[in-house]
Amino acid sequence: MKKFISVFCILFALLTVVSLPVGAASAYQTYTYSISGAPLYSPDAYTAEKAITSTNMGLMDSTNAAENIALNGASDMVVDKAGNVYIADTENNRIVCLDRYYRIRFIIKDFLNDQKIADFFSKPQGVFVTENRYEGNELRYKGRIFVCDTEASRIVTFNLDGSFDSIIEAPESDLFSENAVYWPVAIAVDSYDRLYVVSSETSEGIIVMTDQGEFTSFIGAQQSVTSVWDQIWKRFQTAEQRRQSSDVISYPYNNIDITADGFIYATIYAEDLKDSMQAAITGKSTSGVYAPCKLLNPAGHEIMRRNGFWPPAGEIDFANMYDPTRTGVSRVVDVACGPENTWSIVDYNRNKIYTYDYDGNLLFVFGDAGSQLGNMSVIRAICYQGDNLLVLDGSTNQRVTVFKRTEYGDALALALHHQNVREYDKAIDDWKEILMRNSNYDAAYVGIGQALFRSGKYEEALDYYRAAYDTVNYSVAYKEMRKEWMSRFFLLIPLAIFAVCFAVVKFMQHAGKINKAVAVSGKRGSFKDELYFVFHVMFHPIDGFWDLKHEKRGSVKAALVFMVLTVVALFYRSIGIGYVMNPQGGYSTIFMQVLVVAVPVLLFAIANWCLTTLFEGEGKFRDVFVCLGYSLLPIVLTTVPVTLFSNFVVSEETDILNLIIVLGFIWAGFLIFFGTMVTHDYSMGKNILTTIGTILGMAFIMFLAILFTSLVMDMVSFATSIISEINYRL
């Protein structure tokens with residue numbers, strides 16, 4: 001017992017000495033979206049390192065009580081190349097400048113303007129900083145701090161040390177609408193000293209002007225939503241009325257950022273655009289017409305790449321059963337350009353940050369509402385400070401949260417870097433490393449595929465594109481493979497096409513001779529002749545269906561053969577369709593295809609025969625069934641070749657194949673319509689009415705069948721309950 005107690009005490013002492021690692025759960029879940037819209041959880045790309053409050057910044061350390069003012073209503077934040085942070089402290093009418101360690105450098109509040117008169121801000125909402133530019137040792141451009149003095153309708157510039165430089169007044173131009181209000185809320189400046197200004201009350205687009213305030217143009221005007229009635233009404237308006245009604249042709253932007261190359265990311269949100277934005281997202285539109293974030297070149301043309309599974313617009317899952325206030329499209333309020341051509345947007349409703357690469361692929365989503373470190377109450381602005389991401393929280397206790405990039409985030413950045421500098425072999429290794437950390441990351445498969453594609457390894461790239469269900473890039477790679485194959489066999493292709501066309505023509509001539517010979521003989525043909533007669537019916541439906549009924553040129557057995565062929569053709573389409581048209585590999589069983597063909601045919605035959613019996617129809621049930629069977633062959637003749645060729649087409653060509661399939665069904669529908677008309681000896685109008693009645697009759701029969709099945713199941717359940725009760729009693 002003494003030994004046991006001694007050993008126990010030693011173990012207990014060791015447990016108290018040895019420190020065990022403790023895993024801290026993140027305050028949010030990082031994820032991406034699959035091609036189907038399902039969230040795929042991933043490791044954190046950024047983790048919250050610390051929260052910088054007004055006290056941490058040193059704003060509350062001054063001996064002057066008038067300067068001991070915490071942030072209040074801060075609305076914008078930028079970082080210069082040295083890592084200094086500039087915050088537009090809107091409600092306090094000042095600009096707060098912090099050093100790279102988030103300590104106060106200086107505050108711009110009161111200043112002497114160019115008239116040497118004491119001046120001050122009026123609710124400044126935007127700030128931007130340009131750097132000094134040198135040619136050798138000579139200063140070519142003096143860096144400045146640009147402040148959007150919103151309610152004063154002007155832009156005030158300062159030197160990098162915080163001293164006053166100049167005032168840029170509101171621009172003047174005839175292009176502004178009458179009674180226009182100029183309220184600058186965001187600004188960006190390119191390397192040519194052009195100013196791009198977002199005015200919250202200006203709907204014509206982003207204002208472009210020189211650094212002296214001379215108006216240049218509007219760019220990137222957002223298309224308005226016009227109802228069908230308004231479009232019709234405008235056709236009856238005079239030119240003057242149309243001009244007056246089109247004063248507001250757009251919606252104002254709300255924020256802006258600019259890349260080192262001078263390309264402009266601009267965000268927009270309007271309640272009137274919500275439905276159009278949602279339709280563009282769910283439809284996976286590659287157009288930027290109703291996109292909440294646009295990438296504009298200096299000329300104002302929208303150039304954003306939208307090559308991801310979903311267009312870069314924030315949230316994909318619009319429903320939220322737990323919080324009805326967070327439903328619908330993202331309310332994007334800020335955008336920030338990050339390293340390696342990445343960029344991030346903020347969803348104000350959900351307090352989430354969405355990060356994309358230059359091609360529009362979603363890299364990761366993180367953030368959530370809450371009070372824990374890493375969560376936000378109201379995100380007002382974001383900006384990158386090297387590898388760190390700074391987030392400005394506009395809640396009551398305003399703070400700046402510093403997010404540090406994790407090893408997983410470093411791996412993503414390294415993969416993008418190698419991809420951008422065209423070191424594709426290294427990029428492949430990087431993406432494979434990411435897949436080891438996150439096997440659900442479909443964008444990594446796409447990244448490997450792109451690296452292999454750019455290295456000329458098209459066949460290998462296809463496997464990775466297929467793994468991510470990326471039909472667009474798959475088609476691009478396959479097109480290159482197809483070009484190589486066609487260049488090698490370019491003489492065989494026209495010969496093969498000629499041979500197929502020649503064989504089809506000869507077969508149709510052969511079928512025509514057989515049908516003509518049977519018609520001249522006046523005798524009933526064999527079963528083979530009944531099968532050949534379908535080609536006469538397809539191209540001569542009136543005569544064909546007349547002979548089918550009155551001359552007995554067809555049979556139920558032949559109709560069943562055509563039904564079986566239709567089942568086989570549809571089943572072949574299910575299992576043999578190409579990857580581009582069926583990326584997820586869905587298929588159906590032969591039994592399901594039997595139901596797909598047999599049930600509609602039998603329902604139509606029964607409903608049509610029952611209805612036409614009451615309305616002097618001359619066709620019997622057998623005649624209607626034979627008519628339907630012979631009408632199905634166009635589906636077979638279009639489905640089989642389309643399925644075969646679907647294995648050799650790219651995504652841009654699938655519409656042609658789908659059109660051929662639709663034409664095959666339309667052809668079959670016309671044959672059914674004219675076949676029933678000839679079978680019952682109806683006029684065109686009467687046959688239209690009976691066809692509509694037949695469709696309604698099919699629905700009624702299905703209703704009765706479902707009702708009968710439900711009653712039978714209830715009876716079986718009742719009987720089972722009684723038997724169980726009797727057994728229990730006994």
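Looking at E530 and Y630, their side chains come closer than 4.5 Å, going by heavy atoms from C-beta outward. A 4.5 Å side-chain heavy-atom check between D317 and Y33 finds at least one atom pair inside the cut-off. Between E271 and K274 the shortest side-chain heavy-atom distance falls below 4.5 Å. Inter-residue side-chain proximity for I316 and L362 is flagged as unmet; no heavy-atom pair is nearer than 4.5 Å.
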Margin query: Applying side-chain contact (heavy atoms from CB on, under 4.5 Å) to F309 and D470, what does each step give before you reach the verdict?
Written below: CA-CA 7 Å; F309 300 146; D470 187 353; 4.3 Å; yes
Note to self: Go through it in stages, so that I can follow the logic: the residues are F615 and H680, the test is ring-ring contact (aromatic ring centres under 6.0 Å, His included), and I'd like the CA-CA distance, side-chain angles, deciding distance and then a yes or no.
What the structure shows: CA-CA 10 Å; F615 291 94; H680 298 296; over 10 Å; no
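A donor-acceptor contact closer than 3.5 angstrom links the side chains of E315 and Y354. Side chains of S285 and S287: a donor-acceptor N/O pair is absent below 3.5 angstrom, by distance only. With 3.5 Å as the limit, one finds a donor-acceptor pair spanning the side chains of S574 and S588. Side-chain polar atoms of S717 and D714 form no donor-acceptor pair below 3.5 angstrom.
Remark: side-chain polar atoms of N687 are paired, donor with acceptor, to backbone N or O of F673 under 3.5 angstrom.
The two residues V650 and V580 come nearest to each other via the heavy atoms C-CG1, 3.9 Å. A pairwise comparison of heavy atoms in R306 and P311 identifies CD-CB, 4.4 Å as the closest pair. The two residues L671 and P541 make their nearest non-hydrogen contact at CD2-CB, 3.8 Å. The shortest heavy-atom contact between V332 and P292 is CG2-CB, 3.9 Å. Of all heavy-atom pairs spanning L40 and N440, the tightest one is CD1-O, 3.1 Å.
Under the 6.0 Å distance and 45° angle rule, K557 counts as a cation-pi partner of F527.
Listed by chain and number, the residues in a ring pair (Phe, Tyr, Trp, His ring centres under 6.0 Å) with Y356 are W343 (sequence neighbours excluded).
Ring geometry for F535 against F507 counts as perpendicular: the plane angle is over 60°, on a 0 to 90° scale with 30° as the lower cut. Note: F453 and Y458 have tilted aromatic rings, judged against thresholds of 30 and 60 degrees for the angle between ring planes. Ring geometry, F533 versus H536: the interplanar angle falls from 30° to 60°, so the pair is classed tilted. Taking the six-membered ring for Trp and thresholds of 30 and 60 degrees, W485 and F489 have ring planes inclined between 30 and 60 degrees apart.
The environment of CH2 in W546 is sparse: at most 12 heavy-atom neighbours from other residues, nucleotides or ligands sit within 6.0 Å. The local environment of NE2 in H540 is sparse, with at most 12 non-hydrogen atoms from other residues, nucleotides or ligands closer than 6.0 Å. Atom NZ of K284 is surrounded by more than 12 heavy atoms from other residues, nucleotides or ligands within 6.0 Å. Under a cut-off of 6.0 angstrom, the local environment of CD in E725 is crowded, with over 12 non-hydrogen atoms contributed by other residues, nucleotides or ligands.
Here the CD-SG distance, from E302 to C293, works out to 8.5 Å after rounding to the nearest 0.5 Å.
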